[in-house]
Protein chains: 2
Amino acid sequence: MTLLRRPPPAVRATSLQVPKGKATSFDIAHLTGVSQSTVSRALRDSPLVSEETRQRIKAAADQLNYKVDKNASNLRSQHSGTLALLLFEDPTADDSHINPFFLSMLGSITRACALRGYDLLMSFQQLSYDWHADYADTKKADGIILLGYGDYLAYRDKLQKLAAQGMRSVRWGAVLPDQPDLSIGCDNFQGGQAIAAHLLDQGCKRVAFLGDASSHYPEFFERYHGYTAALEQAGIVADPALQVDAAESTEQAGYNALETLLVRKVPFDAVFAASDLIAIGAMRALADHGIKVPEQVAVAGFDDIPMARFLNPPLTTVLQDTKLAGETLVDTLLQLIRNEPVETRLLPVRLVVRRSSQFGSRQA
Amino acid sequence: MTLLRRPPPAVRATSLQVPKGKATSFDIAHLTGVSQSTVSRALRDSPLVSEETRQRIKAAADQLNYKVDKNASNLRSQHSGTLALLLFEDPTADDSHINPFFLSMLGSITRACALRGYDLLMSFQQLSYDWHADYADTKKADGIILLGYGDYLAYRDKLQKLAAQGMRSVRWGAVLPDQPDLSIGCDNFQGGQAIAAHLLDQGCKRVAFLGDASSHYPEFFERYHGYTAALEQAGIVADPALQVDAAESTEQAGYNALETLLVRKVPFDAVFAASDLIAIGAMRALADHGIKVPEQVAVAGFDDIPMARFLNPPLTTVLQDTKLAGETLVDTLLQLIRNEPVETRLLPVRLVVRRSSQFGSRQA
DNA sequence: CTGAAAGCGCTTACAG
DNA sequence: CTGAAAGCGCTTACAG
C-alpha cells in the first residue's frame, strides 16, 4: 500500500494499517486530524503546540515509523546538523596505514559529535584536491574540521580561500601568528622542551632531532624550537649535524632519518623523534645496527600513540590528549557555526617517561 | 549583492560581478542565457546537452563558484550518495580506546567509499539505541555498514527489523546459516584452526582458549570451533577447564581471563586468545606472575592489529585483511543499493607467526 | 495554539 | 537538444 500525498479518501484516512512505504508528515497529519504544519511543529518540540496534540502526533509518528526526511528539512532550514572531517594524507601509497594518532583523534571527534547531536561526515583528501568547496558549498556540512600533517606553506592558500568564503572551519595543528584560519593544537614547543630537558637530565650530551625543522611543518618546527630552547637552557648550542629531516610521520621516514644520521658519523647519545612513528623507525634502525636502547642511545617520541607503551623498550614520549583535542575542535567549530566568539587554543601536553630514555634502567 | 531567484532585470543579467551569496542553478542559467533545466543537465553530464552549451555552463559555474546543493538534489532524486558506518560499542567507559582493529576497518572503509564517490557518515552507537531507523528512514544514507562485536543474540531482532523494512545494510561479522541479514566476515574457523595447529606443531600439549565460546559471540565461537577441530585432528579432546570466557575484546578482559585460568590451577603451556587485545592483557598477566613467554607459555592472538608486531615478544596472530574487508563491505552494499545480486562472503585469513609462540627462539 | 501557503534548490518527466 | 512545469518533504513567516 502506498499512501497518497494529499488528503486521501475517508476510507484510507480511517484505516489504521501501517503503510509499507515511507510515511510523510502529511500521513501523520491525516491520521491525527491536524494540519501538516502542526505535525512539523510538534515533532520539533515547538512550544506553540499543546501538550495533548503533541502526544497524539508523536504516538502516530511512532506507529507509522515516521522519521523526518533530513534532506527536506535541511533544504528548508538551510543547515545540515552535520560536520565534515577532512583527513589529509601525503600522496603516498594508498594502502599505507593511517597514523594511529589521527585514528585516535578521529575516534574522539566522532564521539564528541555524537554527544552533541551532530553527524560526522568522514573524508580522506589528497592535499592537492579542491576540497575547500566540496563540503561547505554543497551544504553537506555546516562546518569542517581539518586534520593531518602536510606541507603547511603549500596549503596555506586554500585556508585563505576557505576563510574568505566565510566557510566555518577549524584546523588541528600549529597555532601560528599569521594564520588565516582558526586552529587548535597542542603546545608543541612545551612538549619538545620537556622531552629535551628530560634527556639532558638523564645525562645525555648529544641529542639528535629527527624531523623536519622548517615552517613547512610548523608542528615539527615548534617541537624543534622547544628542543633548542632546552639545550640553550643547559648551555648547549644545537648542532645542525644532529638534525635530520623527516617530513612524513612514518616508520620508514624514521628509519631513513636514523640511517642518514649514522652516515654522518657524528656522535650522539639520544634521539628525539618528532613523532612516535618516526621513533619506531629509528629504534628499528638502531637495532639493525646493533645499537642498544636505552643503554647506548636514549630514544623519545611525540604523540603517545597506543602502541608506544608496548614497544621494546617502551617509548618515552609526549602525550597529546586526543579526547580533549577532539572535544575542543568540535566545540570550537560549533561556536563558530553559532556565531559565538571563538579563539585559537593551545592544549597542554604531558611528558610520559618510559624505559627507552632511562639509562641503567632494569627490565620494568 | 543578493541574486534574485527569478529572471532578474537586464542590468543584473549582464553584470558579470561574482555574487557573494550562494549561487544557484538559476544564476548560472541567467548568466549563460539557457534554462535552469539545461544547467542541471549540463552539470550532471547528461548526453542531452550539446558540448558547446555544456562548456559554457561549466565555465559560468566555475566562475560563480557554484556547487550543486546536495540537500536539494538528494531530496529530488531520493538518494543521498552517502553510506553510514555504525560502530557499536559495548556500553563501557566512554573514554576507552576503540579497538585498533575497528580503527583499521574504519580507515579502509573510508578509503573505499571515497574511491567510489560516496560520502561516509560515521557514527558510534550504543547497542541498545534505536539505530535501525535513524539513517535509513531519515534518508541520510542510502545504506549502512554495521561494525562491532557485541552480543549477537541480543541484536538479532534489530537486524531482522532492518531487513524487514527493506533497509540496505551489510554487517561485518560471522557468516551464520540463519542470519536475517547480509554479512561479510573472515574465515574465523580456518584462522582458529591454523593457530591451534601451529601451537601443537610447536610442541604445546595443553592449549588454553581465552574468549567467549557461545553463539552470543559468533566470531569468537567460530575461532573456538577451529581450535577444537585442530585439537581433535591431533587426537586431543578439548578440556573445558582450559576455556575462559572473555566476551569483550579488551586488554582488561584478557588480563582477567588469564587470572581466572591461573586460579583454576590447571596446567597449560599455550594460550590462544580470541583477539590481539585479549592476548596483550594475557601477556601482561603472565608477566605479572613471572611466567615467561614463549619459554614457559606460548601465546597467540587474532586480528594482527598494528601493535602486534611491536609487542615483547612480537605476537603470533591471524591477519585479517582490513583493506580487502573494507572494500568488500562497501562494494557489497553498493550492489545491494543497485539491486544487483549479492552474497555473503567469507574472506581468507593468514597465519602470522612471530616470537610469542616459538619455543627456544632467540632474540629475533 | 492552529492552518494555509510559500518556497528551500534541485531533477525529471513531458512537450516540442 | 532545450524549456516550462511539477514536485521531492519539509520549515516558517503570516494570519487568525
Side-chain angles (χ1 to χ4, degrees), chain A residues 2-8 19 21-57 61 64-81 136-140 142, chain B residues 2-8 19 21-57 61 64-81 136-140 142:
Chain A
T2 309
L3 271 198
L4 298 177
R5 297 284 163 235
R6 304 298 153 190
K22 205 109 287 313
T24 72
S25 52
F26 281 95
D27 297 325
I28 313 291
H30 302 149
L31 199 63
T32 50
V34 298
S35 73
Q36 182 268 341
S37 335
T38 300
V39 171
S40 175
R41 288 193 194 96
L43 295 176
R44 298 166 49 72
D45 286 321
S46 156
L48 293 176
V49 177
S50 77
E51 195 46 36
E52 188 266 333
T53 312
R54 186 198 319 285
Q55 301 293 354
R56 267 177 42 233
I57 290 174
L64 293 191
N65 245 312
Y66 171 77
K67 293 281 168 185
V68 171
D69 183 312
K70 274 295 172 187
N71 292 131
S73 83
N74 290 349
L75 172 59
R76 185 51 236 252
S77 63
Q78 296 295 311
H79 53 71
S80 65
D137 295 356
T138 59
K139 305 251 181 71
K140 286 195 282 200
D142 297 335
Chain B
T2 309
L3 271 196
L4 299 177
R5 297 284 164 236
R6 304 297 153 193
K22 203 110 290 312
T24 71
S25 52
F26 281 95
D27 297 325
I28 313 292
H30 303 149
L31 199 63
T32 50
V34 298
S35 73
Q36 181 267 341
S37 338
T38 300
V39 171
S40 176
R41 289 194 193 95
L43 295 175
R44 298 168 47 73
D45 287 319
S46 156
L48 293 175
V49 177
S50 78
E51 194 47 36
E52 188 266 332
T53 312
R54 184 197 323 283
Q55 301 292 355
R56 268 178 41 235
I57 290 173
L64 292 191
N65 245 312
Y66 171 77
K67 294 281 169 186
V68 171
D69 183 312
K70 274 296 173 188
N71 292 132
S73 84
N74 290 349
L75 173 59
R76 185 53 236 253
S77 63
Q78 296 294 313
H79 54 72
S80 66
D137 295 357
T138 59
K139 306 251 180 71
K140 286 195 283 200
D142 297 335

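Throughout, protein chains are lettered first and strands after them, A, B, ... in sequence-line order, and every chain is numbered starting at 1.
- Residue R44(B) is in sugar-phosphate contact alone, with no base atom involved, counting any heavy-atom pair closer than 4.0 Å across all strands shown.
- Residue T38(B) has a polar side-chain atom (N or O) positioned under 4.0 Å from OP1 or OP2 of dG3(D).
- Between K140(B) atom NZ and N74(B) atom CG the span is 13.0 Å, to the nearest 0.5 Å.
- Put simply, CG on D45(B) is 12 Å from P on dT11(C), counting in whole angstrom units.
- dA13(D) atom C1' lies 15 Å from atom CD of Q78(A), rounded to whole Å.
- Distances shorter than 4.0 Å separate some side-chain N or O of S25(B) from OP1 or OP2 on dC10(C).
- At whole-Å resolution of the value, CG in D27(B) and C1' in dC10(C) are 13 Å apart.
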For DNA chain C, the dot-bracket notation using Watson-Crick and G-U wobble pairs below 3.5 Å, [ ] for pseudoknot-type crossings and | for other-strand pairs, is |||.||||||||.|||
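- The interatomic distance linking N71(A) (CG) with dT11(D) (C1') rounds to 15 Å, in whole Å.
- Note on S37(B): a base of the nucleic acid sits closer than 4.0 angstrom, heavy atoms only.
- Applying the 4.0 Å criterion to OP1 and OP2 of dC10(D), one finds that S73(A) has every side-chain N and O outside that range.
- In this structure, the nucleotide among dG3(C), dC8(D), dT2(D) sitting nearest to the side chain of L75(B) is dC8(D).
- Contact of the K67(A) side chain with the K139(B) side chain is not registered, since no non-hydrogen atoms from C-beta on lie closer than 4.5 Å.
- Counting any heavy atom pair closer than 4.0 Å across all strands shown, Q36(A) reaches a base atom.
- Without hydrogens or angle criteria, R41(A) side chain to S46(A) main chain gives no donor-acceptor distance under 3.5 Å.
- Protein atom CG of L43(A) is 13 Å distant from nucleotide atom P of dT2(C), rounded to whole Å.
- A pairwise comparison of heavy atoms in T32(B) and I57(B) identifies CG2-CA, 4.1 Å as the closest pair.
- Rounding to whole angstrom units, CG of residue N74(B) and P of dC10(D) are separated by 14 Å.
- Within the 4.0 Å cut-off from OP1 or OP2 of dC10(C), not a single side-chain nitrogen or oxygen of S77(B) is found.
- Across all strands shown, S40(A) has heavy atoms under 4.0 Å from base atoms, whether or not it also approaches the sugar-phosphate.
- The two residues A29(A) and S35(A) come nearest to each other via the heavy atoms CB-C, 3.8 Å.
- Under 3.5 Å, the side chain of R76(A) and the base of dG9(C) form no donor-acceptor pair of N or O atoms.
- Of the candidates dT12(D), dG9(D), dG9(C), dG9(D) carries the atom nearest the T24(A) side chain, counting heavy atoms from C-beta on.
- Between E51(B) and R41(A), the one whose closest nucleotide on DNA chain D sits nearer the 5' end is E51(B).
- Atom pair Y66(A):OH and dG9(D):P shows a separation of 10 Å (rounding to whole Å applied).
- Checking dT2(C), dT2(D), dT11(D) against the side-chain heavy atoms of L48(A) singles out dT2(C) as nearest.
- As rounded to whole Å, 22 Å separates atom P of dC8(C) from atom NZ of K140(A).
- Separation of atoms CG (L75(B)) and NZ (K70(A)) is listed at 13.5 Å; rounding is to 0.5 Å.
- Atom CG in L48(B) sits 9.5 Å away from atom CZ in R54(B) (nearest 0.5 Å).
- Closest of all the heavy-atom pairs between L43(B) and A61(B) is CD2-CB, 4.1 Å.
- You'll find that the side chain of S50(B) is closest to dT2(D), out of dT2(D), dT11(D), dT2(C).
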